[in-house]
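Worksheet for the structure shown next.
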Amino acid sequence: MKITLNPKTTPFNLDYTLRCGQVFRWKKLGNWWYGVVNDKAIKIKQSNNVLEFEGADTKFVENYFRLDDFLPSILSKISKDEHTKNAIQSFYGLRLIQQDPWECLVSYICATNKNIPAIKEMINNLAKQFGEKITLDDYFFYTFPKPNSITRTNNKMLRCCKLGFRAKNVLKTARQVNNGKVRFAELEKMDYETAKNELLQLPGVGNKVADCVLLFALNKLEAFPVDVWMKKTIVKHYSTHFDKAFIRKALKKKSPTPAEYLMISSFARKYFGEYAGYAQQYLFHLERLTCKTV
DNA sequence: TTGCCGCCTTTGTA
DNA sequence: ATACAAAGGCGGC
């Protein structure tokens with residue numbers, strides 16, 4: 001199937017969107033991106049303004065890649081300074097992805113103190129061990145394990161997937177989702193703060209993980225996750241918005257303290273507005289690409 | 001109450 | 001090779 005996009009009203013860049021570090025389960029084989037979403041293997045490619053895909057319908061693709069987000073307006077709203085404009089110009093067409101909340105939650109619990117290649121490895125291990133094998137084009141893929149597949153495991157089995165100290169958090173969180181204590185559909189209806197407070201009750205979920213789930217899966221575009229990269233960006237390019245003592249202290253440690261987290265993310269929400277999360281993703285991608293060779 | 005320290009596993013990277 | 005960093009969270013003081 002195909003979708004033809006109008007680049008003026010619906011700019012989209014598939015490579016930037018899948019490479020910017022928000023999702024961990026896609027890989028490019030030849031010209032096609034392959035992924036597993038909603039228990040199905042999907043492939044998709046882009047040539048200019050045409051998206052071609054198999055394994056999913058048009059509605060799914062539009063929803064997953066948030067093609068209804070009116071990017072021209074969103075990007076102009078967050079274009080507050082030269083640095084942001086640079087990021088937007090560099091990765092024009094990068095979109096947030098509407099992820100599955102359960103997979104997103106587990107992924108970011110696992111992301112704690114890990115770099116992106118290692119996160120991909122953990123998630124793939126989980127899927128291979130506890131998901132179901134599916135095929136597309138003679139390639140093998142694995143569905144992401146359901147909550148009740150995780151609750152049937154134990155700490156040791158999860159540690160075999162290289163989860164380390166995150167294993168117990170994934171296990172306990174799976175139980176809470178499985179027994180209905182956490183309902184993603186309900187969280188999505190709540191406002192940002194309320195939903196965040198609910199997520200913060202889960203083991204292994206602090207400020208950063210909660211904001212990632214809110215932004216990437218629960219449609220809270222004002223969420224502004226602050227990890228080591230975002231803290232670095234803020235200190236480098238936005239220090240004038242904070243007092244000097246704050247910046248001086250921030251330079252001492254890499255990962256943000258709870259107080260720094262609050263200062264930075266609330267600044268970002270005020271500064272960038274209701275689409276702060278989009279700004280975060282553009283700035284995150286720029287910071288990683290300029291500092292690293294990943 | 002708030003703030004900061006050290007630990008938690010394992011992999012990637014210089 | 002050896003150390004340090006990694007889309008952090010949490011208990012303890």
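Here is the naming used below: chain letters follow the sequence lines, and residue numbers restart at 1 for every chain.
Taking only distance into account, the side chain of A:Gln280 meets the base of C:dA7 through a donor-acceptor pair shorter than 3.5 Å. A donor N or O paired with an acceptor N or O is found under 3.5 Å between the base of B:dT9 and the side-chain atoms of A:Arg166. At a cut-off of 3.5 angstrom, counting only N and O atoms as typed in the model, there is a donor on one side and an acceptor on the other between the side-chain of A:Lys114 and the base of B:dT10.
You'll find that the side chain of A:Phe284 is closest to C:dA7, out of C:dG8, C:dA7, B:dT10. The side chain of A:Lys162 lies closest to B:dT11 when the candidates are C:dA7, B:dT11, C:dG9. Among the nucleotides C:dA7, B:dG3, C:dG8, the one closest to the side chain of A:Ile116 is C:dA7. Of the candidates C:dA6, C:dG8, B:dT9, the closest approach to any side-chain atom of A:Asn115 belongs to C:dA6.
Atom NZ in A:Lys120 sits about 17 Å away from atom P in B:dT11, given to the nearest Å. Across the protein-nucleic acid pair, A:Lys208 atom NZ and C:dA6 atom C1' stand 11 Å apart, rounded to whole Å. One interatomic measurement links the two molecules: CG of A:Asp227 to P of C:dA5, which rounds to 15 Å at whole-angstrom precision. To the nearest angstrom, P of B:dT9 lies 15 Å from NZ of A:Lys156. Per the geometry, CG belonging to A:Leu105 stands 19 Å off P belonging to C:dA7, to the nearest Å. One can place CZ of A:Phe165 at 8 Å from P of B:dT9, the figure rounded to the nearest angstrom. The nearest whole Å value for the distance from the NZ atom in A:Lys253 to the C1' atom in C:dA5 is 14 Å. We find that CD1 of A:Ile264 is positioned 16 Å from P of C:dA7, with the value rounded to whole Å.
Between A:Glu62 and A:Lys59 there is no salt bridge, since no side-chain N of the basic residue sits under 4.0 Å from a carboxylate O of the acidic one. No salt bridge links A:Arg95 with A:Asp69; every basic N to acidic carboxylate O contact stays at or beyond 4.0 Å.
Nucleotides B:dT9 and C:dG12 have their P atoms positioned 15 Å apart, rounded to a whole Å. When the P atom is used for both C:dC10 and B:dT11, the distance is 23 Å, rounded to whole Å. Taking the P atoms as reference points, C:dC4 lies 15 Å from B:dG6, given to the whole Å. Look at the P atom in both C:dA7 and B:dC5: the space between them is 23 Å, to the nearest Å.
Across all strands, A:Gly206 comes closer than 4.0 Å only to sugar-phosphate atoms, never to a base (heavy-atom distances). Among the heavy atoms of the strands, none lies under 4.0 Å from A:Tyr261. Nucleic acid contact for A:Val226: none, since no nucleic acid atom lies under 4.0 Å from a heavy atom of the residue. At the heavy-atom level, A:Leu200 lies nowhere under 4.0 Å from the strands shown. A:Asn169 comes within 4.0 angstrom of nothing in the nucleic acid, heavy atoms only.
Taking a pair to require two hydrogen-bonding distances under 3.5 Å in either a Watson-Crick or a G-U wobble arrangement, C:dG9 pairs with B:dC7. Within the shown strands, C:dC4 is the pairing partner of B:dG12 under the Watson-Crick or G-U definition, both distances less than 3.5 Å.
The 5' end of DNA chain C is approached more closely, in terms of each residue's nearest nucleotide, by A:Lys254 than by the other of A:Pro203 and A:Lys254. In terms of position on DNA chain B, the residue among A:Leu163 and A:Thr257 whose nearest nucleotide sits closer to the 5' end is A:Thr257.
Taking CG of A:Leu105 as the start and CG of A:Asp100 as the end, the distance is 10.0 Å to the nearest 0.5 Å. Distance check, rounded to the nearest 0.5 Å: OG of A:Ser255 to NZ of A:Lys208 gives 11.5 Å.
The side chain of A:Lys249 contributes an N or O atom lying less than 4.0 Å from OP1 or OP2 of B:dC4.
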* Starting from the C-alpha separation in whole Å, work towards a yes-or-no answer on side-chain contact (heavy atoms from CB on, under 4.5 Å) for A:Trp26 and A:Arg19. => CA-CA 9 Å; A:Trp26 287 86; A:Arg19 267 199 247 272; over 6 Å; no

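Using a 30° and 60° split on the angle between ring planes, A:Phe246 and A:Phe242 fall in the parallel class, below 30°.
The residue from A:Ile42, A:Thr17, A:Leu18 that alone fulfils the side-chain contact (heavy atoms from CB on, under 4.5 Å) condition with A:Trp33 is A:Leu18.
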